[in-house]
Q: 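Sharing a structure, written as structure tokens. Questions coming.
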Number of protein chains: 2
Amino acid sequence: MGRHKEFDVDEALCAALQVFWRRGFEGASLTDLTEAMGITRPSLYATYGNKEELFRKTLDRYEQMHLCFVAQAMEAPTARGTIGELLRGYADVLTDPMHPPGCLGVNSSVCTGGGEAETIRQELIARRSLNEETLKRRLERAASEGEFPADEDPADWARYVMSVGLGMAVKAAAGATRCELHRVAEIALRALPAREPALA
Amino acid sequence: MGRHKEFDVDEALCAALQVFWRRGFEGASLTDLTEAMGITRPSLYATYGNKEELFRKTLDRYEQMHLCFVAQAMEAPTARGTIGELLRGYADVLTDPMHPPGCLGVNSSVCTGGGEAETIRQELIARRSLNEETLKRRLERAASEGEFPADEDPADWARYVMSVGLGMAVKAAAGATRCELHRVAEIALRALPAREPALA
DNA sequence: CGGGTACTATATCAACCGGTACAAAAACAC
DNA sequence: GTGTTTTTGTACCGGTTGATATAGTACCCG
């Protein structure tokens, strides 16, 4: 019963993703969004709730479609492999010519205009914390398997990897090329302890 | 001749710095600024021009007062010393309890709301590029002095150091502590080539 | 063919944005 | 004192923000 929607909900969400990705949460106005999505304001509110909820749906889609390499990287046989896949995969997403440069999450979490945007910012920070925690656990496993010296703190290494990634995101948003970011990732990997464990 | 100003221009600029630092250029409204500076809108425009010019003056002051460690780091005897001072000094600024967390430049350059803010964003990117160039030249000098292997590209290393710094800035804005960032810096330094040059 | 239901479009809301016109008030030169 | 210059406070400008009320339109069921 009822009238059919005249637009594709997923397609419109994809268009919204492009806008949020380029402009950030605060920088994307409803006018930007509705024009890119090809729908009117009331349609947006009826379908997605409000700007904040639309962003959350967009963010979910972003993680599923563009950050899926993270889960895959966690299954690499070695810690070095995991970190390498993480940084290289991230570099590729950040400089994908099919999408705006940089990271949707980073672009929307740095400037803190205050008000409602602060909620979004905190949520993005929490999601990043979760990713760092996941990486930490992976490195703890690597340590328990003798891959890391016992005096290395996995939390420190997870934080370091995240920092390099966030820095690459900022540089990508500023125009860094894919090749440049790959070189950053390559150098970042050199910080890892020498191949030899205490002995395995 | 004429009437005296009832406020201290430098003091008000310092107050504006706090606001821009916390909120970013776009996130800081004229209401936020005038309230923090203790002056009215017309006084702000008569004294500093407009919001954009006020930001530039604020940015100059920021670099002079809080980024002065950069010039000093460049004079360290070794490349390792320069990079170490750079990252540690930056970590300290990013987490100075007397000021908002993070970096004024990064906080104002990531989100791209479009319009007038884009000018500021490009200018901040250009200033960062300049810093990276300066570091690159310092590393080139180190390479010419035999401190770096010949097959290492100073541009790559400068980009890597900048990336780590930018990442630390994002993490600081998200609540990272000074100690955590110092550990990031320490690990980042391990990526440097072994102490021994080709031989000096 | 209605009736009911969902979607769409126009037009609008109050609040806020950066930026100013205007006139009152204060300090100088004379 | 008087005239001039500069600063200050109030009140306001057009434009944009996120979010809706209202009315019209298309579709399904019976």
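Computed from a prediction, not measured in an experiment: that's the story for all the values here. In what follows, chains are A, B, ... by sequence order, proteins preceding strands, each numbered from 1.
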Q: Before giving the answer on side chain to side chain donor-acceptor pair (under 3.5 Å), spell out for Arg128(A) and Ser109(A) the whole-Å C-alpha distance, their side-chain angles and the decisive distance to 0.1 Å.
A: CA-CA 10 Å; Arg128(A) 276 209 303 261; Ser109(A) 78; 3.0 Å; yes
Q: Between Thr40(B) and dT8(D), is there a side-chain N or O to OP1/OP2 distance below 4.0 Å?
A: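 Thr40(B) to dT8(D) OP1/OP2: no side-chain N or O under 4.0 Å.
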Q: dT16(D) P sits how many Å from Glu116(B) CD, rounded?
A: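 Roughly 11 Å, once rounded to whole Å.
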Q: If I take atom NZ in residue Lys51(B) and atom P in nucleotide dC17(C), what distance separates them, rounded to the nearest angstrom?
A: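 Computing the Lys51(B):NZ to dC17(C):P distance gives 9 Å.
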Q: Whole angstroms only, please: what is the CG-P distance between Asn50(A) and dC13(C)?
A: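 In whole Å, dC13(C) P lies 22 Å from Asn50(A) CG.
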Q: Looking only at the side chains, is there a donor atom on one of Asp96(B) and His66(B) sitting less than 3.5 Å from an acceptor on the other?
A: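 Side-chain D/A pair, Asp96(B) to His66(B): absent.
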Q: It should be established whether Ser43(B) places a side-chain nitrogen or oxygen under 4.0 Å from OP1 or OP2 of nucleotide dT7(D).
A: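 Result: no.
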Q: When you measure only distances, ignoring hydrogens and angles, does the side chain of Arg3(A) come within 3.5 Å of the base of dT25(D) through a donor and an acceptor?
A: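 Indeed there is one.
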Q: Rounded to the Å, how far apart are Tyr48(A) OH and dG18(D) P?
A: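 Taking OH of Tyr48(A) and P of dG18(D), I get 17 Å after rounding.
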Q: Taking the cut-offs as 6.0 angstrom to the six-membered ring centre and 45 degrees off its axis, would you call Lys57(B) and Tyr48(B) a cation-pi pair?
A: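 Relative to the ring axis of Tyr48(B), which defines the angle, Lys57(B) lies outside at least one limit.
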Q: Please determine, for the side chain of Ser29(B), which listed nucleotide (dC17(C), dA9(C), dG18(D)) has the closest atom?
A: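 Taking heavy atoms from C-beta onward, the closest nucleotide is dC17(C).
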Q: What orientation do Phe20(A) and Phe25(A) show, parallel under 30°, tilted 30 to 60°, or perpendicular over 60°?
A: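 If you compare the ring of Phe20(A) with that of Phe25(A), the planes turn out parallel.
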Q: Using whole Å, report how far CG of Leu33(A) lies from P of dT16(D).
A: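 Roughly 16 Å, once rounded to whole Å.
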Q: Give one of base, sugar-phosphate or nothing for Ala28(B), where a contact means two heavy atoms less than 4.0 Å apart.
A: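 Result for Ala28(B) = sugar-phosphate.
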Q: Donor-acceptor pair, distance only, cut-off 3.5 Å: does the side chain of Asp92(B) make one with the backbone of Gly89(B)?
A: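 Absent.
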Q: Taking only side-chain N and O atoms of His4(A), does any of them lie within less than 4.0 angstrom of OP1 or OP2 on dC28(D)?
A: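 Checking dC28(D) against His4(A), a side-chain N or O does come within under 4.0 Å of OP1 or OP2.
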Q: Want to settle it: does Glu6(A) or Glu52(A) sit nearer the 5' end of DNA chain D, counting the closest nucleotide to each?
A: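 This one resolves to Glu52(A).
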Q: Ile39(B) has an atom CD1; how far is it from atom C1' of dT6(D), in whole Å?
A: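 Distance check: Ile39(B) CD1 to dT6(D) C1' gives 15 Å.
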Q: So does Thr31(A) get a side-chain nitrogen or oxygen closer than 4.0 Å to the phosphate oxygens (OP1/OP2) of dT17(D)?
A: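 Answer is yes, contact under 4.0 Å.
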Q: From CG of Leu44(A) over to P of dT20(D), roughly how many Å is that when rounded to an integer?
A: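 Value for this atom pair: 12 Å.
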Q: Output the rounded distance in Å from NZ (Lys5(B)) to P (dT5(D)).
A: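 Value for this atom pair: 17 Å.
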Q: Does the base of dG18(C) carry an N or O that pairs as donor and acceptor with the side chain of Arg41(B) under 3.5 Å?
A: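 Indeed there is one.
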